Amino acid sequence: MRVPMIAGNWKMNTTVGEAIELVNKMRQGLDQIDNVEKVLCPPFISLAAVKELIEGSSIKLGAQNIYFEEKGAYTGEISPLMLADLCEFVIIGHSERRQYFNETGEMIDKKVKAALKVGLKPILCIGERLEENEAGRTEEVLTKQLSSSSDRIYYFSGLILAYEPIWAIGTGRAATGEQANETIGFIRQYISKRYGKRVAQDVCILYGGSVTADNISEFINQPEIDGALVGGASLKADQFLRIVKQTSEIKGHLSEEG
Ligand code: 13P
């Protein structure tokens with residue numbers, strides 16, 4: 001059975017001091033909530049400080065990006081080996097990286113493999129643009145994003161997927177629970193056809209895009225949606241806590257049964 005997950009993607013927000021302050025505000029509350037995987041993804045420079053603060057708690061740590069080479073002359077990049085010591089998860093292929101930093105399917109595939117190689121769990125993001133959605137091309141776009149990945153089965157057994165429709169990110173215009181459920185159901189079907197039912201049933205698939213404490217229940221109540229990748233609302237301790245709490249109340253029992 002899949003364990004529900006709420007991951008906070010802080011994006012390029014918070015200085016180290018602000019990151020510490022934010023974690024201090026939510027650490028105790030988050031730690032007390034059972035049956036949900038709680039993941040914080042601060043900027044690289046705050047990973048070490050946050051790691052120290054959450055030591056001994058049930059809160060997990062993730063990075064927002066990775067480079068695929070192990071080490072060498074790649075000025076400014078962070079390698080899988082450097083992250084493996086610091087955190088358990090890493091967001092890969094976020095639409096902002098595809099859009100502003102020209103990350104291609106091929107690069108994203110290399111990053112996922114590099115992360116898995118050192119034991120990091122990738123949170124692989126996929127999603128369609130507004131015009132693609134309006135043209136009824138969502139499934140085609142997602143299929144392309146999913147198929148630019150490796151065809152090895154271990155790949156999908158080791159990662160978390162996040163469906164983030166680009167038109168819903170930071171816009172306040174979230175998908176509806178039904179829309180997101182239907183599309184995530186499609187993603188699961190695709191994985192089932194390609195890798196088998198077992199892999200598809202086990203893969204954790206999150207929804208992301210304008211999730212707040214006021215709409216989280218709409219998503220979590222859907223059978224195909226295993227949790228959320230939260231942007232803006234993860235920067236507010238009370239909002240993030242309310243999101244995790246509702247997830248535990250609605251879906252937490254699933255991890256106990258599993
Ligand atoms: P918002 O929750 O701010 O829309 O961001 C979603 C996102 O991109 C998470 O990765």
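Everything numeric here is computed off the predicted structure, so don't read it as measured data.
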Self-check item: Among Ile92, Leu161, Ile108, the one residue meeting side chain to side chain contact (heavy atoms under 4.5 Å, CB included) with Pro122
Solution: Ile92
Exercise. Look at Asp31 together with Arg27 and state whether they make a salt bridge at an N to O cut-off of under 4.0 Å.
Key: no
Quiz prompt | Sidechain-backbone polar pair: Glu18 side chain, Thr15 backbone, donor-acceptor under 3.5 Å | solution = yes
Quiz item: Is there a donor-acceptor pair under 3.5 Å between the side chain of Asn221 and the backbone N or O of Glu218?
Solution: no
Practice problem: Could you walk me through whether Lys121 and Glu88 pass the salt bridge (Lys or Arg N to Asp or Glu O under 4.0 Å) test, one step at a time? | Solution: CA-CA 6 Å; Lys121 295 176 190 153; Glu88 191 173 327; 2.7 Å; yes
Quiz item: So how far is it from Ile216 CD1 to Ile6 CD1, rounded to the nearest 0.5 Å?
Solution: 4.0 Å
Practice problem: Evaluate salt bridge (Lys or Arg N to Asp or Glu O under 4.0 Å) for Glu70 paired with Lys117, printing each intermediate quantity in order. | Solution: CA-CA 10 Å; Glu70 263 180 25; Lys117 198 172 159 197; 3.6 Å; yes
Practice problem: Could you please spell out the steps behind the side chain to side chain donor-acceptor pair (under 3.5 Å) verdict for Asn35 and Ser248? | Solution: CA-CA 6 Å; Asn35 309 326; Ser248 167; 4.9 Å; no
Exercise. List in chain and number order the residues that pass side chain to side chain contact (heavy atoms under 4.5 Å, CB included) with Asp238, two or more places apart in sequence or in another chain; answer none if no residue qualifies.
Key: Lys236
Quiz item: So how far is it from Gln64 CD to Lys11 NZ, rounded to the nearest 0.5 Å?
Solution: 9.0 Å
Practice problem: Spell out, as yes or no, whether a donor-acceptor pair under 3.5 Å connects the side chain of Asn65 to the backbone of Phe44. | Solution: no
Quiz item: Salt bridge or not for Lys110 and Glu69, using N-O below 4.0 Å?
Solution: no
Quiz item: How long is the gap from CG on Leu241 to CG on Leu30, to the nearest 0.5 Å?
Solution: 4.5 Å
Quiz item: Got Phe89 and Lys60 here, is their nearest side-chain heavy-atom distance under 4.5 Å?
Solution: yes
Quiz item: What is the ring orientation for Phe219 with Tyr207, classed by angle as parallel under 30°, tilted 30 to 60°, or perpendicular over 60°?
Solution: parallel
Quiz prompt | Pairing of Asp226 and Lys251 as salt bridge, 4.0 angstrom limit | solution = no
Quiz item: Taking atom CG of Leu53 and atom CG of Asn24, what is their separation to the nearest 0.5 Å?
Solution: 5.5 Å
Self-check item: CE on Met107 to CZ on Phe101, rounded to 0.5 Å
Solution: 11.0 Å
Quiz item: Would Glu103 and Arg98 pass as an ion pair if we require N to O under 4.0 Å?
Solution: no
Quiz item: Measuring from Gln145:CD to Ser95:OG, what's the distance to the nearest 0.5 Å?
Solution: 9.0 Å
Quiz item: Have Tyr163 and Glu224 got a donor and an acceptor in their side chains that come within less than 3.5 Å?
Solution: no
Practice problem: Would you check if Leu229 and Cys125 make a side-chain contact, meaning some heavy-atom pair closer than 4.5 Å? | Solution: yes
Quiz item: Is a donor on one side and an acceptor on the other found under 3.5 Å between the side chain of Ser210 and the backbone of Ile169?
Solution: no
Quiz item: Is the number of heavy atoms from other residues, nucleotides or ligands under 6.0 Å of Glu131 CD greater than 12?
Solution: yes
Quiz item: Is there a donor-acceptor pair under 3.5 Å between the side chain of Arg188 and the backbone N or O of Val203?
Solution: yes
Quiz item: Do the side-chain N and O atoms of His94 and Glu164 include a donor-acceptor pair separated by under 3.5 angstrom?
Solution: yes
Quiz item: So, do Gln222 and Glu178 sit near enough that their side-chain heavy atoms are less than 4.5 Å apart?
Solution: yes
Practice problem: Kindly indicate, with the supporting measurements, whether the criterion side-chain contact (heavy atoms from CB on, under 4.5 Å) is fulfilled by Ser234 and Trp10. | Solution: CA-CA 7 Å; Ser234 71; Trp10 295 6; 3.4 Å; yes
